[in-house]
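Structure first, commentary second.
Since the model is a prediction, treat every value here as computed from it, not as a measurement. Letters A, B, ... are given to chains in the order of the sequence lines, protein chains preceding strands, and every chain is numbered from 1.
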2 protein chains.
Amino acid sequence: MAIDGQSPTRTRAGARQLIAPPKTKRGESSRAVILQAALDLFQERGYEATTMRAIADRAGVSLGGSYHYFPSKEHLVLEFYRHTHELHAQAIKPLLSRERDLAARLRGTVRAVVITCEPFHAVAGSIFSTVANPSSPLNPFGGTARPLRDEVVALYAEVVRGSDARIPSDIAEMLPLTLWLYQMGILYFWIFDRSPGRLRTLEVIDETTDLIVRLVSLANLPVLRGSRKRVLSLMKAIVEGQA
Amino acid sequence: MAIDGQSPTRTRAGARQLIAPPKTKRGESSRAVILQAALDLFQERGYEATTMRAIADRAGVSLGGSYHYFPSKEHLVLEFYRHTHELHAQAIKPLLSRERDLAARLRGTVRAVVITCEPFHAVAGSIFSTVANPSSPLNPFGGTARPLRDEVVALYAEVVRGSDARIPSDIAEMLPLTLWLYQMGILYFWIFDRSPGRLRTLEVIDETTDLIVRLVSLANLPVLRGSRKRVLSLMKAIVEGQA
DNA sequence: GCTCGAACTTGAACATGTTCAAGTTAATAA
DNA sequence: TTATTAACTTGAACATGTTCAAGTTCGAGC
């Protein structure tokens, strides 16, 4: 028995290991068919109820097959996550090119998140918890999922940049990351939301986006100057320490 | 193959089932010895690296033994969580009876959280992710862990109540829950903190507790009245909808 | 002291994520 | 055409959390 704090058979080894993309036509098609099977099954049954054996079955490959292309089951979820991000980005394109009001842009963007994710609502809980795990490759503060997180943050940067709101530069710098974090909070709320049509979440989104925009505009008040400076420099320190 | 979104062998059944407390001396001692073994092992090796077989071994019972007293491995963590809560409550007793300044009470309380949890820092990540899982019995928004969460919220109510700060009643009502949520955020930051002596977390605590107290005192400003009302009624609606 | 049954204990069996040594395929070089 | 070899595929084997039918213990009631 190992006493060194590591299990003798640490099953997470593969999770850190990079896997080269397919090198042949056959490989490409195998990867695609496995991924599609996984995406479908996650949506049909949820994360935990989807077994690697079921994925292999539906993809028409053998059990070990997926592991040639994806280091772990979690990595398959990462692709799932990327997929919904692309749906979301696509969905808000018209809004972002038409609307200039910051509150409306923000509201529309966050509403689009939960609307895009609605088909996966039943599944979302277990995925979220995997995402929250600091040692998971899906953790947005960690390594593997970092690029995807940066894409989402960039999307919120675009929400802010394309608006006609005049925002002090120190706030504008931190706002996208803050909004991403805020979106995570909304998603967590949405997971617990059992109201019909997820109306409660939509209400909370409307109310909070409005509040955020109002708070940003209030931040210039003399009484708030001090706190604002402190908040922003704290956030900056945290972000920099993280990188 | 089941297509109904439930795995044919749902292994979470036991997790919801209540288990009666031991009825005999032998049962009591078995439960205690299993729990102690689990607590020790979690601390030594972490959550994932601790196997049910190892717990059974150290406790001197057979593999299935634990399942007579704890419905799942996660329920053993719940006890672990309760244990640290008790350590924490004990640790801040002197502070709460001596100090009256709100900022100092809050700072001391939150500092005590991370100091109490320090021995489990390496383990905390996997535990946190279990806690975040909406379908886990450990989830504080869910069922089983609710009483424990209420205890922690009550502790923050005491932090506020025992201070000499004069806080508007509508804020005072929501503050304990907010502070509990804030503490969760700090813990999540702390999990990622690799600075020596966890100094960065302590700095963030000092800065943020100060900011919170300052914000509370600013909330009476006329310009902030509107936002404050909206924030508080939103929070109230959320809390009530949750229950 | 004896019996009965609830409380407790056991460990084989199961489903699952992951590993890996061995096998198969097919594109390129000769 | 044939040989070479990297890419790809396979499925048995492993460790693990959990279940459960079958056994054991021991105190209450006679």
Only pairs under 3.5 Å count here: list side-chain donor-acceptor contacts from residues 184-195 of chain A, not counting sequence neighbours, and write none if there are none.
from: Y188(A); atom 1: OH; to: A132(B); atom 2: O; distance (Å): 2.7
from: Y188(A); atom 1: OH; to: N139(B); atom 2: ND2; distance (Å): 3.0
from: W190(A); atom 1: NE1; to: E118(A); atom 2: OE1; distance (Å): 3.3
from: D193(A); atom 1: OD1; to: S195(A); atom 2: N; distance (Å): 2.8
from: D193(A); atom 1: OD1; to: S195(A); atom 2: OG; distance (Å): 2.7
from: D193(A); atom 1: OD2; to: S195(A); atom 2: OG; distance (Å): 3.3
from: D193(A); atom 1: OD2; to: T201(A); atom 2: N; distance (Å): 2.9
from: D193(A); atom 1: OD2; to: T201(A); atom 2: OG1; distance (Å): 2.6
from: S195(A); atom 1: OG; to: L199(A); atom 2: N; distance (Å): 3.2
from: S195(A); atom 1: OG; to: R200(A); atom 2: N; distance (Å): 3.2

**Q.** The single option from L35(A), V61(A), L41(A) passing side-chain contact (heavy atoms from CB on, under 4.5 Å) against I55(A)
**A.**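 Among the candidates, only L41(A) passes.
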Please report, rounded to the nearest Å, how far the [atom2] atom of [N] is from the [atom1] atom of [X].
X      : N       : atom1 : atom2 : answer
E48(B) : dT18(C) : CD    : P     : 11 Å
K73(B) : dT18(D) : NZ    : C1'   : 12 Å
I55(A) : dT18(C) : CD1   : C1'   : 13 Å
K23(A) : dT28(C) : NZ    : C1'   : 15 Å
L76(B) : dT18(D) : CG    : C1'   : 13 Å

Q.
Heavy atoms only, 4.0 Å cut-off, all strands: where does S29(A) land among base, sugar-phosphate and nothing?
A.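 Since no nucleic acid heavy atom lies under 4.0 Å of S29(A), the category is nothing.
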Q: Look at the side-chain N and O atoms of Y67(B) and state whether any lies under 4.0 Å from the OP1 or OP2 oxygen of dT18(D).
A: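 Affirmative; the distance criterion is met.
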Q.
At less than 4.0 Å, is any side-chain N or O atom of T24(B) found next to OP1 or OP2 of dC26(D)? Yes or no.
A.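 So the side-chain polar atoms of T24(B) never come under 4.0 Å of the phosphate oxygens OP1 or OP2 of dC26(D).
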Q. NE2 of H85(B): more than 12 outside heavy atoms within 6.0 angstrom?
A.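 Yes, NE2 of H85(B) has more than 12 neighbouring heavy atoms, counting only those of other groups under 6.0 Å.
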Q | Pairing residues for T24(B) by the side-chain hydrogen bond (donor to acceptor under 3.5 Å, both in side chains) criterion, not counting sequence neighbours | A |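 Partners of T24(B) by the side-chain hydrogen bond (donor to acceptor under 3.5 Å, both in side chains) criterion come out as none, since no residue qualifies.
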Q | First encountered from the 5' end of DNA chain C, between E28(B) and Y47(A) | A |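 It is E28(B) whose nearest nucleotide is closer to the 5' end.
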Q.
Taking the minimum atom-to-atom distance to the side chain of M52(A), which one of dG17(C), dT16(D), dC8(D) wins?
A.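 Within the option list, the nearest is dG17(C).
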Q: Decide whether Y182(B) and T208(B) meet the rule of one side-chain donor and one side-chain acceptor closer than 3.5 Å.
A: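 Their side chains do contain a donor-acceptor pair, which is all the 3.5 Å distance test asks for.
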(Q) Main chain of T209(B), side chain of R107(B): is a donor-acceptor contact present, judged purely on distance under 3.5 Å? (A)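 The answer is no, because no donor-acceptor pair under 3.5 Å joins these two groups.
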Could you pull out the protein-nucleic contacts involving nucleotides 9-13 of chain D (nitrogen or oxygen on both sides, under 3.5 Å)?
from: dT9(D); atom 1: OP1; to: S30(A); atom 2: OG; distance (Å): 2.5
from: dT9(D); atom 1: OP2; to: S30(A); atom 2: OG; distance (Å): 3.4
from: dT9(D); atom 1: OP2; to: Y69(A); atom 2: OH; distance (Å): 2.6
from: dT10(D); atom 1: OP2; to: S62(A); atom 2: N; distance (Å): 2.7
from: dT10(D); atom 1: OP2; to: S62(A); atom 2: OG; distance (Å): 3.4
from: dT10(D); atom 1: O5'; to: S62(A); atom 2: OG; distance (Å): 3.4

